[in-house]
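Labels below follow one simple rule: chain letters A, B, ... track the order of the sequence lines, proteins then strands, and each chain is numbered from 1. Every value quoted in this text rests on a predicted model; they were computed, and no experiment measured them. The figures here come from the full heavy-atom set of this structure, side chains too, leaving out hydrogens, waters and symmetry mates.
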Amino acid sequence: MKKPLAPPPTPPTERNYFADVHEVVRLVPPGRVTSYGAIAHYLGAKHGSRAVGYALMAANLDAATLQRDAPVPAHRVVNRLGQLTGRHHFPTPTAMQERLEAEGVRVEDDVVVEFKKLYWDPAVELG
DNA sequence: AGCATGACGTCGA
DNA sequence: GTCGACGCCATGC
């Protein structure tokens with residue numbers, strides 16, 4: 001039958017790459033953190049780490065994605081130094097830290113305490 | 001179509 | 001050991 005509405009399987013702003021990033025981030029268990037580079041590396045090491053952050057930013061802002069799939073715990077993603085570089089993109093500058101601390105992750109001076117200890121590498125945990 | 005930007009990471013000087 | 005430049009992928013003008 002003809003389809004009166006044509007729901008695009010993959011919106012232009014959410015391509016396979018973004019979906020991949022979202023999926024991996026969702027796998028990060030509470031109380032653990034990962035890095036942009038780890039995700040990029042897990043996805044093939046060919047993807048730029050910037051694109052990962054870009055995907056998270058888009059995911060957080062795009063309510064459609066949040067409704068379609070589970071919310072992306074972007075607060076569990078920090079840079080390779082454990083710094084909360086993405087906190088400025090949250091509703092409030094402290095929202096990211098608040099969420100992390102709510103999960104038992106201590107944040108001090110915008111840096112995850114015991115980052116190496118809480119580090120969750122998808123390439124290791126998943127593969 | 002080309003240039004500039006971005007929640008990064010790695011290399012070279 | 002610190003600083004600067006390039007690369008990566010995707011988006012916006």
Visitor: May I have the distance from A:Asp121 (atom CG) to B:dG9 (atom P), rounded to whole angstrom?
Guide: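 Interatomic distance, CG of A:Asp121 to P of B:dG9: 12 Å.
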Visitor: Just call it for A:Ala74: base, sugar-phosphate, or nothing, with non-hydrogen atoms closer than 4.0 Å on any strand.
Guide: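 Base, at least one base atom sits under 4.0 Å.
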Visitor: With a 4.0 Å limit, can you tell me whether A:Ser49 has a side-chain N or O closer than that to the phosphate oxygens OP1/OP2 of C:dC9?
Guide: no
Visitor: A:Arg87 has an atom CZ; how far is it from atom C1' of B:dG6, in whole Å?
Guide: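 Taking atom C1' of B:dG6 as the reference, CZ of A:Arg87 is at 17 Å.
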Visitor: Calculate the interatomic distance between A:Met57 atom CE and B:dT5 atom P; express it in whole Å.
Guide: 15 Å
Visitor: Can you tell me the distance, in whole Å, between the NE2 atom of A:His41 and the C1' atom of C:dC9?
Guide: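 In whole Å, C:dC9 C1' lies 16 Å from A:His41 NE2.
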Visitor: Ignoring the backbone of A:Ala51, work out which of C:dT11, C:dC9, B:dA7 is nearest its side chain.
Guide: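 The listed nucleotide nearest to A:Ala51's side chain is C:dC9.
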Visitor: With C1' as the reference atom in both, quote the distance from C:dC6 to B:dA4 in angstrom, rounded to an integer.
Guide: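 The same atom, C1', in both gives a distance of 15 Å.
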Visitor: Find the distance A:Asn79:CG to B:dG6:P and express it as a whole number of Å.
Guide: 17 Å
Visitor: In whole Å, I'd like the distance from the CG atom of A:Leu56 to the C1' atom of C:dT11.
Guide: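 The distance from CG of A:Leu56 to C1' of C:dT11 comes to 15 Å, rounded to the nearest Å.
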Visitor: Give the rounded distance in Å between these two atoms: OH of A:Tyr54 and C1' of B:dA7.
Guide: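 Taking atom C1' of B:dA7 as the reference, OH of A:Tyr54 is at 11 Å.
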Visitor: Less than 4.5 Å apart, side chain to side chain, heavy atoms only: is that true for A:Thr34 and A:Ile39?
Guide: yes
Visitor: Would you kindly give the CG-to-C1' distance between A:Leu84 and B:dC8, to the nearest whole Å?
Guide: 15 Å
Visitor: State whether the distance check finds a donor on one side and an acceptor on the other, under 3.5 Å, for side chain A:Tyr36 versus base B:dA7.
Guide: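 Answer yes: a donor N or O sits under 3.5 Å from an acceptor.
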Visitor: Might you work through the salt bridge (Lys or Arg N to Asp or Glu O under 4.0 Å) test for A:Glu103 and A:Arg76, ending with a clear yes or no?
Guide: CA-CA 10 Å; A:Glu103 295 179 354; A:Arg76 296 178 194 149; 2.8 Å; yes
Visitor: If the P atom of C:dA5 is compared with that of B:dT5, how far apart are they to the nearest Å?
Guide: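 These two P atoms come out 14 Å apart once rounded.
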Visitor: From the list B:dC8, C:dA10, B:dG6, which nucleotide is the closest neighbour of the side chain of A:Tyr17?
Guide: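 Closest of the options to the side chain of A:Tyr17: C:dA10.
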Visitor: Answer whether the closest heavy-atom distance between the side chains of A:Pro122 and A:Leu27 falls below 4.5 Å.
Guide: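 Counting from C-beta outward, A:Pro122 and A:Leu27 never come under 4.5 Å.
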Visitor: Could you grab the distance from atom CZ of A:Phe90 to atom CE of A:Met57, nearest 0.5 Å is fine?
Guide: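 Here the interatomic distance stands at 12.0 Å.
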Visitor: How close do A:Leu100 and A:His75 get, heavy atom to heavy atom, and via which atoms?
Guide: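 Taking every non-hydrogen atom into account, CD2-O, 3.2 Å.
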Visitor: Which one, B:dA7, B:dG9, C:dA10, comes nearest to the side chain of A:Phe18?
Guide: C:dA10
Visitor: Looking at C:dT11, B:dT10, B:dA7, which one has an atom nearest to any side-chain atom of A:Asn60?
Guide: B:dA7
